[in-house]
Amino acid sequence: MKWRFRHLIVLVLVIVSGILSFALWSSSQEKILRIGVYAGSSWDVPNSRENRVLDDLIEEFEESHPHVKVVYESGIPKKDYGDWLAEKILEGEQPDLFMVPENDFSMLASTGALKTLDSLIADEQKEAFYPVAYEAGQYQRVSYALPVESNPIMMCVNKDLLEKEGVSIPESGWTLADFYEICKKVTKDTNGDGVVDQYGITDYTWQQALVAYGGHLTDKSGINVDSAEMHQALSFMSKLETLNQHYQVTSNDFDEGKVAFYPMSLAQYRTYKPYPYHVAKYSSFSWTCISMPTASPEVYGTQVKTSLFAMSSNTKQEKLAWEFMLLLSQNEKSQQALFEKSQGTSVLPTVVKSQQTREILQADDFGLDSLTSERLDHMMERSIMDIGQEVDRQTLERIDYLIKEASGNQEIDSALPSIQKEIESR
């Protein structure tokens, strides 16, 4: 019996030793964390520095995680990235975590390609984000992605033109009525030849007007373009166009100092800074950026797009993928570096309100008061997700085409029910 007992002990020790040796060997083997990204900016503006932030984060992550190698396929253009990712998913070779292609988030979440994050994210981590940024990564109130960078639409203002016309710069909370009255006052013939050559607004879209009335492209029953808010928005657009005598005001007119207002994304605004020819263009007048006008101060009129990182539902590196996602989206140092080298804004209020952000914005070429961190923070706190993301890209393009065609024929009120029926039949 004693011999058998000793033999059993030896056998157990051998097994335990083998298990420990295997565990030690496994822990020393290099783990691969695969990332999917596209090249350049999320906002379709020139940028050669954004991937440098990713490379620096990868280097930092690998230093703090021995035996981990983070890899990504570089040089994939944004326009090709969605197809590239779809092919990888079909082949079962998707990255462990990846940037979500614009307008594909709902489809990827609904088809099970993304891992749910609700069991991983803590309440204090959720609360660290701007609400509009965190909500961008939710589908049916379940979190499937974390925000990395946001891009709000602002109203840029030619300060010199308004000052010349005796108009004060609008305050936050200004209304569509205020907006229209200013446009009406500044739209005029300035040289006496009978032709209007100074204008109120350029590049103002029906989507921005719809949001200003608190409208959306969808409701509980699905897509709804024949809403009361849409009728109000398009009526308002018609009033603005009448002021211009139906002349098509362009961004070039704004460049030349002939236009008071120009809606512009933060990324567009920040892209002007590094390019000398843009500086030369805009040195002829001073400008600032404020919130978009709305029908009433209670309506949130700032639309925000947000770039997202999601985790594959098939990843075998959940812990590492989650740690890297947090490094991208929750780490203040990483977010500050992204704000400095990219053109959007941080998804963290603490970074937007930081001294470094204040200095970056003050160092632009448009004047110290062009855009302050306090104003940017206020916009992000009172914002909604871009309503164009409520429908797929093809549907949005079709709606846009039909609305513009009806507006050109001045048949918009009677045409909206027909547009609604066509979209429903697609």
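Source: prediction; values computed, not measured. For this chain, numbers begin at 1 and follow the sequence in order.
Each of Leu396, Asp392, Val391 was scored for a side-chain contact (heavy atoms from CB on, under 4.5 Å) with Gln394, with one residue passing: Asp392. Thr345 pairs with exactly one of Asp377, Thr357, Val352 by the side-chain contact (heavy atoms from CB on, under 4.5 Å) rule, that one being Val352. Evaluated for a side-chain contact (heavy atoms from CB on, under 4.5 Å) with Trp322, the options Leu97, Thr315, Ile121 yield exactly one hit, Ile121.
Note: Phe61 and Phe324 have perpendicular aromatic rings, judged against thresholds of 30 and 60 degrees for the angle between ring planes. Note: Phe261 and Trp174 have tilted aromatic rings, judged against thresholds of 30 and 60 degrees for the angle between ring planes. Note on ring orientation: taking the six-membered ring where Trp is involved, the planes of Phe129 and Tyr134 are parallel (angle under 30°, cut-offs 30° and 60°).
Interatomic distance, Asn244 CG to Thr202 OG1, rounded to the nearest 0.5 Å: 8.5 Å. Interatomic distance, CG of Leu308 versus CG of Leu108, reported as 10.5 Å (0.5 Å rounding). Distance check: Gln389 CD to Gln303 CD gives 9.5 Å after rounding to the nearest 0.5 Å. Note: Gln420 CD to Ile423 CD1 = 8.0 Å, rounded to the nearest 0.5 Å.
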> Going through the distances and angles, do Gln198 and Glu165 end up as a side-chain contact (heavy atoms from CB on, under 4.5 Å)?
Replying inline: CA-CA 11 Å; Gln198 180 174 282; Glu165 298 297 340; 2.9 Å; yes

> When you look at Trp206 and Phe236, which way does the ring pair (Phe, Tyr, Trp, His ring centres under 6.0 Å) test go after all the steps?
Replying inline: CA-CA 9 Å; Trp206 62 264; Phe236 183 73; over 10 Å; no

>> If you apply the rule side chain to side chain donor-acceptor pair (under 3.5 Å), what do you find for Thr116 with Asp118, and how did you get there?
In response: CA-CA 6 Å; Thr116 59; Asp118 282 350; over 6 Å; no

> Stepwise, does the side chain to side chain donor-acceptor pair (under 3.5 Å) test hold for Asp226 with His231?
Replying inline: CA-CA 7 Å; Asp226 189 21; His231 282 268; 2.8 Å; yes

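Look at Arg52 and Asp55 and you find no salt bridge, because none of the NZ, NE, NH1 or NH2 atoms lies under 4.0 Å from a carboxylate O.
At least one donor-acceptor pair under 3.5 Å links the side chain of Lys78 to the backbone N or O of Ser42. Under the 3.5 Å distance criterion, the side-chain polar atoms of Asp386 are left unmatched by any main-chain donor or acceptor of Val304.
Judged by distance alone, the side chains of Gln336 and Lys341 never bring a donor and an acceptor atom under 3.5 Å apart. Tyr247 and Asp253 are linked by a side-chain donor-acceptor pair at a separation below 3.5 angstrom, with hydrogens and angles left out of the test.
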